[in-house]
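Comments concern the structure below.
Side-chain atoms are counted along with the backbone in the values below, which use heavy atoms only and exclude waters and symmetry mates.
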Protein chains: 2
Amino acid sequence: MQDKRVENARERVIESISKNMDIYSVTPSVGRLYGAMFFEKEPMTLDEMKDKLQMSKTSMSTGVRTLIDLNMVDKVWRKGERKDLYEVKSDWYQTFTDFFCIHWRKGIEMNRDACKESIAELMEVLDGDITNEDKNKAIEDLEKMSYALGYYEWLNKVVDLFESRKIFDVIDEEE
Amino acid sequence: MQDKRVENARERVIESISKNMDIYSVTPSVGRLYGAMFFEKEPMTLDEMKDKLQMSKTSMSTGVRTLIDLNMVDKVWRKGERKDLYEVKSDWYQTFTDFFCIHWRKGIEMNRDACKESIAELMEVLDGDITNEDKNKAIEDLEKMSYALGYYEWLNKVVDLFESRKIFDVIDEEE
DNA sequence: CAGTACATACAGAAAAAACTGTACAAACTA
DNA sequence: TAGTTTGTACAGTTTTTTCTGTATGTACTG
């Protein structure tokens, strides 16, 4: 009887987590898996997940892999256990900063490289003999790209702040 | 002749931006639209976008709406112009913090509410007459939820740091 | 070694998302 | 007012993603 309410309370949180995991570019299904694993006391096997979520084992396998790639879940080893065991990483603060850093760093890097390459190309073009129209266009684009580059540098510093864990000092001081 | 290289340089950056806009949960198409608008000197009309990207006007309309909802693009008004005009918001730093704050705040809020509600429910259950098994389960879940709640509070402070623009001071000091 | 349990690669089915063309409403023009 | 122009709602199509069942390779067990 009571069991319902306990179950219900847990389910509410799982569902909420599931819904909001899109911030991590993850399907609600994978989000629900994460939520379920979070509340499980012991590390889970794929079969337990399958039973819990009423989905195919294949989905559990790929879902868990997704979560591992996101640094949100660990594979754990236990003596005498044949099945693979998985559990949610316990440090959410670390999980957050990891995710944030990995994803933003990658995006920044790619855009920065593209900008740098294009800036070099435009500089070269400006050195040569070109029409006024092209020249103006090149100069305008150069300005835009320089702005972007400056922004990416700044963003990199933000990521540094998290990666170096200095963010924790900053937030602490706020109190 | 030269035109090719100038065009090429611009296209490289647009393509890179397009690819990395998935961080903002946006389609490459919408990302490309954003990139194209970024380099356009003047605000663009839907028809210009359609010609530029070789896509339907409907797609441009919905794409622009998406970007406006993300606070990345503004509708601008110009005397004597019948068509709607749109341009990329010029302050990328603001765009970043806006996006970050809006999305994370929403996710935090929802999860926090769910946790609070469930915590209250579990407390109530614990007050009543229940089996030991249920009691233990409730206590364990309460612990998990309390941890989550603490994390969400912390994350809220991180968002505050960006929203209040204090992050700019923090990064400046780093130099 | 044969037999079993397990995870996952793969192909196909189901579901969701993106994109387009048409149609229509609102705003403007003459 | 009638005639344009413009943006978007909507339905249908195409593309992409998610999910499942089967099949296979690997590792363990006796």
Distance in angstrom units between [X] [atom1] and [N] [atom2], rounded:
X	N	atom1	atom2	value
Lys75(B)	dT6(D)	NZ	C1'	11 Å
Gln54(A)	dG21(D)	CD	P	12 Å
Asp84(A)	dA5(C)	CG	C1'	12 Å
Leu33(A)	dT18(D)	CG	C1'	14 Å
Met60(B)	dT6(D)	CE	P	17 Å
Lys50(B)	dC19(C)	NZ	P	17 Å
Lys83(B)	dT8(D)	NZ	C1'	15 Å
Lys57(B)	dA9(D)	NZ	P	14 Å

Measure the CE-CH2 distance between Met72(A) and Trp92(A) for me, rounded to the nearest 0.5 Å.
->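 Those atoms lie 9.5 Å apart.
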
Base, sugar-phosphate, or nothing for Thr27(A), non-hydrogen atoms under 4.0 angstrom?
->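 Sugar-phosphate contact only - Thr27(A) comes under 4.0 Å of backbone atoms but never of a base.
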
Name the nucleic acid region contacted by Thr45(B), choosing base, sugar-phosphate or nothing; use a 4.0 angstrom heavy-atom cut-off, strictly under.
->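 Thr45(B): no heavy atom of the nucleic acid under 4.0 Å.
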
Quiz item: Thr58(B) side-chain donor-acceptor pair to dG7(D) base, under 3.5 Å =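 Per atom types, no contact qualifies.
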
Please state whether the phosphate of dT8(D), meaning OP1 or OP2, lies under 4.0 angstrom from any side-chain nitrogen or oxygen of Ser61(B).
->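 Checking Ser61(B) against dT8(D): at least one side-chain N or O falls below 4.0 Å of OP1 or OP2.
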
Does Glu48(B) use its side chain to pair, donor to acceptor, with the backbone of Thr45(B) at less than 3.5 Å?
->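 Yes: the side chain of Glu48(B) pairs with the backbone of Thr45(B).
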
Does any N or O in the side chain of Asn20(A) come within less than 3.5 Å of the main-chain N or O of Ser16(A), such that one atom is a donor and the other an acceptor?
->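 Yes, Asn20(A) side chain to Ser16(A) backbone: donor-acceptor pair under 3.5 Å.
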
Position toward the 5' end of DNA chain C (nearest nucleotide), Ser59(B) or Glu81(A) |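 The residue whose closest nucleotide sits nearer the 5' end is Glu81(A).
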
Between dG21(D), dT8(D), dT8(C), spot the one nearest the side chain of Leu46(B), thanks.
->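 So the nucleotide nearest the side chain must be dT8(D).
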
Salt-bridge present (Arg105(B), Asp160(B); N to O < 4.0 Å) =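 Yes.
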
More 5' along DNA chain D: Ser29(A) or Arg82(A), using each one's nearest nucleotide?
->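 Nearest-nucleotide comparison on DNA chain D picks Ser29(A).
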
Aromatic contact, Phe162(A) with Trp104(A) (centres under 6.0 Å) |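 For Phe162(A) and Trp104(A), the ring centres are not under 6.0 Å apart.
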
